[in-house]
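Input: a single structure, listed below in structure tokens.
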Protein chains: 2
Amino acid sequence: MNLGDRKRLILQAIIEDYINTAEPVGSRTISKKYLTNTSSATIRNEMADLEEMGYIEQPHTSAGRIPSDKGYRLYVDQMMGQQELNKSQDDLIKREFTDTLGEIDRLIKHASKLLSQMTQYTSIITTPQVKKTYLKHIQLIKIDAGTVLAIIITDAGIVRNSVLRLMRDVPSDILEKISKTLNESLCGVCIEDIAGIILKDTDEGYAGYKEILEQILPELIQTLIYSDKVEVYHDGAANILNLPEFNDIDKARRFFNTLEEKDLLFNVLKDSQENINISIGSENKYEQLQNCSLITATYKVNGKTIGSIGVIGPTRMEYSKVISIVDCMTNNLSDILTKIIKY
Amino acid sequence: MNLGDRKRLILQAIIEDYINTAEPVGSRTISKKYLTNTSSATIRNEMADLEEMGYIEQPHTSAGRIPSDKGYRLYVDQMMGQQELNKSQDDLIKREFTDTLGEIDRLIKHASKLLSQMTQYTSIITTPQVKKTYLKHIQLIKIDAGTVLAIIITDAGIVRNSVLRLMRDVPSDILEKISKTLNESLCGVCIEDIAGIILKDTDEGYAGYKEILEQILPELIQTLIYSDKVEVYHDGAANILNLPEFNDIDKARRFFNTLEEKDLLFNVLKDSQENINISIGSENKYEQLQNCSLITATYKVNGKTIGSIGVIGPTRMEYSKVISIVDCMTNNLSDILTKIIKY
DNA sequence: ATTAGCACTCAACTCTAACGAGTGCTAACA
DNA sequence: TGTTAGCACTCGTTAGAGTTGAGTGCTAAT
């Protein structure tokens, strides 16, 4: 399995040249640009071996070699230098984020835009998952006769609201009392557990307005379930039109259609709960993505994973660069989010 | 200026055939498919006239004719039959909307998706503009020591919230009182006027917690200004890849880049405050859109315009169909929105 | 006023030949 | 035994030439 130094160098040269040029790499190119002390003939021999081992392949007889998925994998796992972000890039990320103290969803979308701009690929992102966080505050506000606004704040700083319709009018002070009691019994409970708990506690502690509560609760639970609709956004889709692998209008169309399959993207992002996750070409579970590579990572609040971001690009991706950007991005995102919440 | 019946028929035939086929239309085609009693030679003569008048043009000498922007304009203004939506389409719109009682922003996005699906072009849409609506309720909620959540509800049913950071702790009951006073003095005021009013009223009525108020107000005003960031979404961008006019990867790329210019889209939507607005090709203010046509309309709450939706497609657009869909869509949207709010 | 006929134009397509980048193999060399 | 030079071969790409066909404008006849 060990390749020998020269084979490694040749493989690396092929991969890096191909990442830059998107053209098959020939033995002569390598001999001229990378291994200047070795003749093209020798390199041809080595390349034949590498091809036999499955690290590179030939699109057709009289063309140079391109890396296979297996080749990329080896490259990512063993050969790729961890690229340092240059300071201006690093700064950019930091600056952009500190400018955006505000709604959490906006922050996430902003991150997505930034990510696609910096990588020049397409970014995908999920909004924070509410149900994994813990209730911090709940408040019912009367708007009209029969209309109540429920506000839910979780420990991840996520605010969700929903309008409840009631059959009859409920006075403000009763709503205030109900809010208080709900807070007392539910504060700190994980959102996904609330539905169960509310129902159980119905009998205790709400003496005097049980009837009203029975109207509010189902609606409220509905809201909680509803509010967990995680959304998937993408940004920079147009970037891929600049890549030669999508010059074919058909391939471009297929790519765009895949991007509109939100469920698929959601699953892809959900599956990768590693700190940072790299799927190369055929390694992808979904057929539509098997000519792409995906780099995904999760963002956290207080160490708790609440969402994911990622980059989709061609298998010929600038792995090193993208990985460091995604990494830096999630770190900053998690930092800022945690700060926003903690203050 | 009056064309004469046969010229009108020929122009109409050219436009409708071109809308369907995206191919230049020749005299023979018209003679065979549309004006079967007239020979191609006669039609050629008429076409020469129409070209001289600027209603049609020839991409190159030995090709058929295609409509000019002026031709489309005449068609839209005078010749186009108002297409009835077939019942299933009409139903679809109604059904989809009634299913989506929920957050207003979500409703808008859903409309956008539906619009692009039904037209097979790209839809664009603005979220509701807060500043044109009137304050219905404002509420401050204490989250932590020093952290306050401000909730703003407007008469259009829009809910916005924002976290305020204060230098020192403010007890809940004071916040409650402030909320009450703010409500009394601001309820019914147009959002864009609030900043002025708040400052003016600072001296009256808030005796006892003026100091606290002075901390909260600037932040609150900030929120109000901030909350008016109208966002622009689009959907169905991939649809245009199915059109022959965007088969050229370069044109596709330019189109996608235009879609990412949110400011431009926003202005386009803002400019068209007519009930329904049609811009054809070169009529568009922005150069990037001059090979497209745009159909936009506004949606309302209680008769008050709060946002716009629209469709972008090639100048060869199915005007009749799109207009009726956009029209139906905005009517339903306005209805539902008004109902949601009124209840 | 309409139409048939004809010469003309020009994009699109097909076919072919030349080109050149790259390979594999062989034989010579260190 | 590993390396290299040389050479024949492959095959995608490009450019040019020829062909086709849809469509036009013009003219003369009806």
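Atom set for the values below is all heavy atoms of this structure, side chains included, hydrogens, waters and symmetry mates excluded. Keep in mind the model is a prediction, meaning the values are calculated, not measured.
Rounded to whole Å, the distance from CD1 on A/Ile30 to P on C/dA21 is 16 Å. Taking atom CE on A/Met47 and atom P on C/dG22, their separation rounds to 9 Å, with Å as the unit. Going from atom CD of B/Gln58 over to atom P of C/dT9 covers 14 Å, rounded to whole Å. Between B/Glu23 atom CD and C/dA11 atom C1' the separation is 12 Å, expressed in whole Å. At whole-Å resolution of the value, CD1 in B/Ile43 and C1' in C/dA4 are 14 Å apart.
Counting any heavy atom pair closer than 4.0 Å across all strands shown, B/Thr38 reaches sugar-phosphate atoms only and no base atom. Residue contacts shown for A/Ser40 are absent, as no nucleic acid heavy atom lies under 4.0 Å away. Looking at heavy-atom distances under 4.0 Å, B/Ala41 makes contact with a base. Looking at heavy-atom distances under 4.0 Å, A/Arg65 makes contact with sugar-phosphate atoms alone, never a base.
The side chain of B/Thr42 contributes an N or O atom lying less than 4.0 Å from OP1 or OP2 of C/dT3. Residue B/Ser39 has a polar side-chain atom (N or O) positioned under 4.0 Å from OP1 or OP2 of C/dT3.
Checked by atom type and distance alone, the side chain of B/Gln58 pairs as donor or acceptor with a backbone atom of B/Ala63 at under 3.5 Å. Between the side chain of A/Gln290 and the backbone N or O of A/Asn284 there is at least one donor-acceptor pair closer than 3.5 Å. Listed for the B/Ser31 side chain is no donor-acceptor partner under 3.5 Å among the backbone atoms of B/Ser27. Here the side chain of A/Asp77 pairs no donor or acceptor atom with the backbone of A/Leu74 at under 3.5 angstrom.
When DNA chain D is scanned 5' to 3' for any atom under 4.0 Å from a heavy atom of chain A, the first and last hits are D/dT3 to D/dG12.
Taking both residues in full, the closest heavy atoms of A/Ile278 and A/Glu283 are given as O-OE1, 3.8 Å, listed atom of the first, atom of the second, then distance. Scanning both residues, A/Met317 and A/Val322, for their nearest heavy atoms gives CG-CG2, 4.0 Å.
Identified under the ring-ring contact (aromatic ring centres under 6.0 Å, His included) test for residues 69-91 of chain B, with sequence neighbours left out: B/Tyr72-B/Tyr319.
Judged by closest nucleotide on DNA chain C, B/Asn37 is the one of B/Asn37 and A/Arg44 placed further toward the 5' end. When each of B/Gly64 and B/Asn45 is assigned the nucleotide of DNA chain D bearing its nearest heavy atom, the one mapping closer to the 5' terminus is B/Gly64.
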